Amino acid sequence: MATSHKITARPPRPIRGNVEIQTDEEILLAVREDAAHYPNGYANGVAHPATEGDVAALVQQVSRLLTVGAQSSLTGGATPMGDVVVDMQRFDRVLNVSEHSVTVQPGVPVGVLQATLARSNKFFPPTPTFDGAFTGGVVATNAAGAATFKYGTTRDWVTGLKVVLASGEVLDIIRGETFAHPDGYFEILTNGQPRRVPVPTYSMPNVAKCSAGYFAESNMDLIDLFIGSEGTLGIITEITLAVVTPAPHVAVVWIPLPSDQAAYELTWMLRQSAQDAWRNPDASALDVAAIEHLDARSLAIVREDGALQKNQVQLPPNTAVALLAQIELPDEHLKEPDDAYEEISKALTEGAADTPITRLCRLLDSTQLLETTELILPSDHRRQAQIAGIREAVPDGVNRRVNEAKRCKSEQIQKIAGDMIVPFERFSESLGVFRNAFESRKLDYAIWGHISDGNVHPNVIPRNLEDVTRGKAALLETGLKIIELGGCPLAEHGVGRNPVKQALLQQLYGAHGIAEMRAVKTALDPENKLAPGVLFPVDTRQTEQ
């Protein structure tokens with residue numbers, strides 16, 4: 001296939017005139033904040049486009065737009081600040097499912113996408129934890145989930161996009177067709193005139209996840225510029241994703257452990273087993289797709305809130321941390337519960353068959369963890385949901401405590417949370433970084449996340465307004481140290497409007513890197529129509545000109 005650094009934007013289809021912009025107070029209130037509860041949000045109107053032409057008409061007639069989906073952003077990126085909100089709920093169709101791909105509109109929730117794929121035994125692997133997130137938002141933030149360890153991020157699975165530009169014209173982008181010029185730019189023909197879009201020169205951190213502004217590398221594919229751009233460069237109206245066929249059969253393993261060091265060492269062994277399995281696949285390989293981590297405070301929260309009892313989970317008295325692993329099983333080793341648990345009981349006996357389950361049992365036995373580990377088979381959906389409920393009860397519990405402090409102490413109290421990643425080899429050091437920053441400031445905190453990637457979510461649990469101030473300072477301090485460890489302080493949630501995350505973005509790339517991002521934004525959106533204030537503050541010098 002011929003490649004080029006040039007691409008031509010086309011007129012939208014179908015063309016339509018004005019799109020109704022609703023201004024009823026009830027409608028405006030419904031979209032004033034996202035899941036981050038970023039303060040002081042307000043919309044000047046809400047539009048519900050249904051076609052590509054509707055979106056094009058909006059960008060041509062409105063000077064300030066913010067595209068939203070489920071408003072599940074954890075960064076304030078879907079909170080309007082005087083914008084007209086472009087609500088993409090009517091873009092809700094799965095357009096095509098083929099052998100190795102699916103084409104959807106951006107308003108399709110991830111849960112609907114997965115259910116549709118499941119009917120033909122397919123799966124989209126880099127799905128985020130929240131299945132109500134819209135597919136467009138997943139692409140716009142380069143979201144990732146637990147299984148990034150095996151499958152990578154959303155970026156690795158996007159093969160096609162249709163994007164309405166700020167000019168009202170449309171780019172049809174297919175991965176592998178348009179690459180940056182060797183001198184570091186793309187050339188896009190819009191309104192009959194060539195527009196040069198520079199490629200930033202900063203180096204991105206070499207980690208499994210990065211949701212930190214505009215993608216940049218030499219000879220990059222144009223499609224990657226829009227993935228993770230958080231709606232600031234164009235409005236996505238159609239997405240083509242690669243999928244896995246057949247869908248994997250996933251067993252869940254719940255492992256309480258006595259220490260952080262034990263959790264790190266077991267994760268290291270599981271990672272090694274998985275990487276060996278991928279290099280030399282066989283029917284008995286221990287194919288680990290993901291490992292989640294819950295620290296001692298996280299477990300205390302679910303204990304305090306009754307989530308352990310509700311989900312029928314007991315922890316041994318010496319538990320300090322827990323791991324939740326996902327292991328994929330080949331068809332020939334799928335078992336009915338009675339057969340599988342009989343296999344487990346025989347796993348350590350002489351002559352026991354070599355299967356993924358027996359390999360796991362031997363590994364756990366070698367670390368004295370087998371007796372306290374619970375294995376849940378792919379067929380046991382109810383029990384898997386209960387264990388997943390423990391994981392989800394942690395952020396729910398943190399949010400509940402933040403909201404209670406906000407109600408009782410100050411309306412200005414807000415959640416202070418990080419989303420940081422380091423190379424796995426530096427994971428233990430990163431935990432030390434977070435704990436030192438929080439404990440030196442006498443902050444309450446919990447840390448959980450995707451240990452298989454080296455990615456965790458350190459959360460401050462503020463008890464008063466002073467904790468909010470100290471928590472922000474702690475996150476900025478840890479951001480610098482995470483960068484020094486070769487990591488990224490913005491792993492999978494994006495940047496949005498959050499001032500701390502915007503400061504972390506500048507820590508990562510420096511003032512020159514932010515200036516290069518602004519140059520990309522100016523090239524594609526010279527009037528700053530699309531999501532102004534997202535990723536970096538509005539340049540008042542530009543708006544005054």
Side-chain angles (χ1 to χ4, degrees), residues 7 9-16 18-21 31 34 43-73 77-81 83-93 95 103-108 133-143 154 158 160-173 188 190-191 195 197 214 222-240 494 496-497 520-535:
I7 187 170
R10 61 166 173 80
R13 50 180 185 252
I15 306 277
R16 182 174 150 182
N18 291 339
V19 178
E20 181 184 5
I21 297 175
V31 298
D34 59 24
N44 276 332
V46 180
H48 296 88
T51 68
E52 182 184 273
D54 291 348
V55 175
L58 280 167
V59 299
Q60 290 171 331
Q61 74 189 55
V62 178
S63 62
R64 186 181 176 105
L65 294 167
L66 180 71
T67 308
V68 306
Q71 287 196 294
S72 56
S73 169
T79 296
M81 285 292 166
D83 315 287
V84 169
V85 168
V86 183
D87 188 329
M88 300 298 283
Q89 290 189 58
R90 295 175 68 187
F91 279 79
D92 60 355
R93 290 187 296 148
L95 301 173
T103 300
V104 300
Q105 293 183 315
V108 174
F134 282 14
T135 308
V138 169
V139 173
T141 56
N142 187 34
T154 294
V158 179
L161 291 176
K162 295 187 189 302
V163 182
V164 177
L165 300 175
S167 65
E169 296 172 291
V170 183
L171 288 181
D172 297 308
I173 312 173
I188 299 176
T190 67
N191 293 320
R195 186 182 300 272
V197 181
Y214 302 148
L222 177 63
I223 202 169
D224 288 319
L225 187 62
F226 292 91
I227 300 166
S229 64
E230 301 193 38
T232 61
L233 301 180
I235 299 176
I236 296 170
T237 58
E238 189 174 301
I239 304 160
T240 300
R497 298 190 189 278
V520 175
K521 170 74 167 168
T522 299
L524 284 169
D525 183 15
E527 297 177 15
N528 203 24
K529 291 181 179 182
L530 304 176
V534 171
L535 288 182

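Just so you know, these numbers come straight off a predicted model, no measurement behind them. When reading the values below, keep in mind they use all heavy atoms of this one structure, side chains included, and skip hydrogens, waters and symmetry mates.
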J.: Given 3.5 Å as the limit, does a donor-acceptor pair link the side chain of Asp54 with the main chain of Glu52, or not?
T.: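 No: the side chain of Asp54 does not pair with the backbone of Glu52.
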
J.: Any chance you could lay out the side-chain hydrogen bond (donor to acceptor under 3.5 Å, both in side chains) test for Thr154 and Asn142, step after step, and finish with the verdict?
T.: CA-CA 5 Å; Thr154 294; Asn142 187 34; 4.8 Å; no

J.: Supply the atom-to-atom distance Gln105 CD to Lys162 NZ, rounded to the nearest 0.5 angstrom.
T.: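 Rounded to the nearest 0.5 Å, the CD-NZ separation comes out at 11.5 Å.
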
J.: From the options Val170, Leu530, Ile236, select the one residue that forms a side chain to side chain contact (heavy atoms under 4.5 Å, CB included) with Val164.
T.: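 Answer after filtering Val170, Leu530, Ile236: Val170.
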
J.: Enter the distance from Leu524:CG to Tyr214:OH here, rounded to the nearest 0.5 Å.
T.: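 OH of Tyr214 is found 8.0 Å from CG of Leu524.
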
J.: Okay, side chain of Thr79, backbone of Asp34: is any donor-acceptor separation there less than 3.5 Å?
T.: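 Yes, Thr79 side chain to Asp34 backbone: donor-acceptor pair under 3.5 Å.
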
J.: Other residues, nucleotides and ligands only: do more than 12 of their heavy atoms fall within 6.0 Å of CZ on Arg10?
T.: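 Yes - once you tally the heavy atoms of other residues, nucleotides and ligands closer than 6.0 Å, there are more than 12.
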
J.: Measuring only between side-chain heavy atoms, which start at C-beta, is Arg90 closer than 4.5 Å to Pro49?
T.: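 Answer no - side chains too far apart.
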
J.: Run the numbers on Val84 and Gln61 for side chain to side chain contact (heavy atoms under 4.5 Å, CB included), then give the verdict.
T.: CA-CA 11 Å; Val84 169; Gln61 74 189 55; over 6 Å; no

J.: Could you tell me which non-hydrogen atom of Val534 sits nearest to which non-hydrogen atom of Gly77, and how far apart they are?
T.: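 Smallest heavy-atom distance, with atoms named: CG2-O, 4.0 Å.
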
J.: Can any side-chain N or O of Lys521 pair as donor or acceptor with the backbone N or O of Thr232 at less than 3.5 Å?
T.: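 Present.
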
J.: Do you know which of Val163, Val520, Leu171 makes side chain to side chain contact (heavy atoms under 4.5 Å, CB included) with Leu233?
T.: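 Among Val163, Val520, Leu171, the one meeting side chain to side chain contact (heavy atoms under 4.5 Å, CB included) with Leu233 is Val520.
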
J.: Answer whether the closest heavy-atom distance between the side chains of Ile21 and Leu58 falls below 4.5 Å.
T.: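 SC-SC contact between Ile21 and Leu58 confirmed.
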
J.: Measuring from atom CG of Asp525 to atom CG of Leu165, what distance do you get when rounded to the nearest 0.5 angstrom?
T.: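 It is 9.5 Å, given to the nearest 0.5 Å.
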
J.: Is any side-chain heavy atom of Val59 closer than 4.5 Å to one of Val86?
T.: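 Result no, sub-4.5 Å side-chain heavy-atom pair not found.
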
J.: Step by step, work out the side chain to side chain contact (heavy atoms under 4.5 Å, CB included) result for Glu20 and His48.
T.: CA-CA 8 Å; Glu20 181 184 5; His48 296 88; over 6 Å; no

J.: What's the shortest heavy-atom distance between Thr141 and Glu230, and which atoms?
T.: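 Distance-wise, the nearest heavy atoms are CG2-CG, 4.3 Å.
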
J.: Which heavy atom of Val62 sits nearest to which heavy atom of Lys529, and what is that distance?
T.: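 Result for this residue pair: O-CD, 3.8 Å.
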
J.: Ile227 pairs by side chain to side chain contact (heavy atoms under 4.5 Å, CB included) with which of Ile239, Val138, Val158?
T.: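 Option passing the side chain to side chain contact (heavy atoms under 4.5 Å, CB included) with Ile227: Val158.
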
J.: Let me confirm one number: the OG1-CG distance from Thr240 to Leu95, rounded to the nearest 0.5 Å.
T.: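 CG of Leu95 is found 8.0 Å from OG1 of Thr240.
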
J.: Where do Gln60 and Ser167 come nearest, in terms of heavy atoms and distance?
T.: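 Heavy atoms of Gln60 and Ser167 come nearest at NE2-O, 3.5 Å.
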
J.: Taking atom CG of Leu66 and atom CG of Asp87, what is their separation to the nearest 0.5 Å?
T.: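 Reported value, rounded in 0.5 Å steps: 10.5 Å.
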
J.: Under 4.5 Å between any side-chain heavy atoms of Glu238 and Phe91, yes or no?
T.: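 No, too far: nothing below the 4.5 Å cut-off.
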
J.: Taking all non-hydrogen atoms of both residues into account, name the closest pair between Ala140 and Gly231 and its distance.
T.: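 Scanning both residues completely, I find the closest heavy atoms to be CB-N, 4.3 Å.
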
J.: Provide the closest heavy-atom pair for Ala78 versus Val68 in the form atom of the first, atom of the second, distance.
T.: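 That closest heavy-atom pairing would be O-CG1, 3.8 Å.
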
J.: Under a 4.0 Å threshold between the charged nitrogen and the carboxylate oxygen, would Glu169 count as salt-bridged to Arg195?
T.: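 The answer is no: the pair does not qualify as a salt bridge.
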
